There are 2 protein chains.
Amino acid sequence: MEKEKIDKKDHILDVAERVFAEQGYDGASTRMISGEAGVNMAMLNYYFGSKEGVFLAIFERRISAFQSTLLGISNDSGLDPWARLSQFVDKYLDKVINNNCFHIMLNREVSKSKKTELTDKITTIIMRNVHVFKDIIEDGIKTGAFNKDADRELLIATMFGTKNYIVNTPHISSAILGYDVMDTKMQEDKLKPRLKNYMKTLLKAYLMNENDNK
Amino acid sequence: MEKEKIDKKDHILDVAERVFAEQGYDGASTRMISGEAGVNMAMLNYYFGSKEGVFLAIFERRISAFQSTLLGISNDSGLDPWARLSQFVDKYLDKVINNNCFHIMLNREVSKSKKTELTDKITTIIMRNVHVFKDIIEDGIKTGAFNKDADRELLIATMFGTKNYIVNTPHISSAILGYDVMDTKMQEDKLKPRLKNYMKTLLKAYLMNENDNK
DNA sequence: CAAAATTAATCAAGCGATTGATTAATGCCG
DNA sequence: CGGCATTAATCAATCGCTTGATTAATTTTG
């Protein structure tokens, strides 16, 4: 059959990513995942070694692509700070909303207040994104383009926190916005442009207004 | 023994709240909770009926106090919009940071993308806080105090999202801020005043600046 | 003593993981 | 090419363990 023969491993990871986002890591069982993926349970261990192996494999798959996206932004050092920041917002929000299941899963696990090997690993990954953003902000402050007494660290919380609120708690944000934020078409037509525009307006208001931030 | 005889039920709920925040609902076992609370496992079911009963009892205990806090703010209709907003930020952040374990636990469960009876219940609770905030914003826009083309819905995401980012992912925010955000003393001395001040500056910049938000 | 509180022991169900057997795919050699 | 050997993929069955919950017996309390 000449039809699309998507890789079976990839298919399992797609399903697992969704189920982990739906139920959480502990709430999702290997039987659930294998059942919904239409494969025998033993295949998960055959391919990925263990349940945690499946979880980590989902990471491996997403991270590399994400890293290259980020690096593409921070390397455009020819641009002025605001253009770089603007580009970061656009590309970052695009990527995150496209991979919303992954980011729900990721942030859910890191919100355990007890440190584990896994939360440490996730923390490291997230901090890479944070540093790209922070570097742009600090560069802008240094060159005088951005307000010098802006709170850089808490602005990070606002940038990623706003995004998380929309993406990670879909029931809440859907109720607030009035449409299903998990729906792909809605994301493209409404959510993405609105969120991008809002985020840039907010950042500009805080970083580039005339008032003293005190 | 005349020593402090704090209610045993309350003690169990205190411990359970912390363990749920540390491990998540599914990750926390009844043996863990009873063990750390120093009571027999069967006592959980004796007092609260089931594991879910413990979870819900934690809610009951926190919600009523929280509601009165919120109502106290929205009823101060003599104040101008900015004063009300400012008061909301202060009181809300105080309350949330004091009960950080509860809010970690709460947001963690609602970030499951699959709807359940429990996530619906939590969504309803969270939406009450959201409406208090939204009413203040809309009132301010109506009276002309706030920028008329501000995105009210996404500003909600920023207000609660920024807070969540700091409170719910303590490993991340501690790494960014350079101190332990779970430490009570640090919260009082550094986190609370800084976050309150930042949040109000950010809101003012977005809602009350001169530039057109387009 | 009677009621409430507390305990250890036990239960069925579900968990992740492994097993050994079976089938499908691939490689190798004459 | 054709037949055998080797590897990869898949399966049902089951392992040992942990889970949340319940029991029946015991202790504490008023």
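Naming convention: chains lettered A, B, ... in sequence-line order (proteins, then strands); numbering from 1 in each chain. As the structure is a computational prediction, the values presented were derived from the model and not from experiment.
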Polar atoms only, N or O, under 3.5 Å: list the protein pairs with nucleotides 20-25 of chain D and their distances.
unit_1: D:dG20; atom_1: OP1; unit_2: B:A28; atom_2: O; d: 3.4
unit_1: D:dG20; atom_1: OP1; unit_2: B:K51; atom_2: NZ; d: 2.8
unit_1: D:dG20; atom_1: OP2; unit_2: B:T30; atom_2: N; d: 2.8
unit_1: D:dG20; atom_1: OP2; unit_2: B:T30; atom_2: OG1; d: 2.9
unit_1: D:dG20; atom_1: N7; unit_2: B:R31; atom_2: NH1; d: 2.9
unit_1: D:dG20; atom_1: O6; unit_2: B:R31; atom_2: NH2; d: 3.0
unit_1: D:dA21; atom_1: OP2; unit_2: B:N45; atom_2: OD1; d: 3.4
unit_1: D:dA21; atom_1: OP2; unit_2: B:K51; atom_2: N; d: 2.7

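- The salt bridge (Lys or Arg N to Asp or Glu O under 4.0 Å) test applied to B:E52 returns no partner, not counting sequence neighbours.
- Side-chain contact check for A:V181 versus A:V167: every heavy-atom pair is 4.5 Å or farther apart.
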Pull out every protein N or O sitting under 3.5 Å from an N or O of nucleotides 3-5 of chain C, one pair per line with the distance.
unit_1: C:dA5; atom_1: OP2; unit_2: B:Y46; atom_2: OH; d: 2.8

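- B:T158 and A:T162 form a side-chain donor-acceptor contact under 3.5 Å, judged by distance and modelled atom types alone.
- Listed by chain and residue number, B:F66 satisfy the ring pair (Phe, Tyr, Trp, His ring centres under 6.0 Å) test with B:H103 (two or more places apart in sequence, or in another chain).
- If you measure from atom CD of A:Q23 to atom C1' of C:dG16, you get 17 Å, rounded to the nearest angstrom.
- In this view, A:K200 and A:D90 satisfy the side chain to side chain donor-acceptor pair (under 3.5 Å) rule, not counting sequence neighbours.
- For B:K190, the NZ atom sits in a loose shell: 12 or fewer heavy atoms of surrounding residues, nucleotides or ligands are nearer than 6.0 Å.
- Close placement of the A:F133 and A:F160 rings is indicated, their centers lying within 6.0 Å of each other.
- Remark: P of D:dT10 and CD1 of A:I12 are 8 Å apart, rounded to the nearest angstrom.
- A:F20 pairs by the ring pair (Phe, Tyr, Trp, His ring centres under 6.0 Å) definition with A:Y25, A:F55, not counting sequence neighbours.
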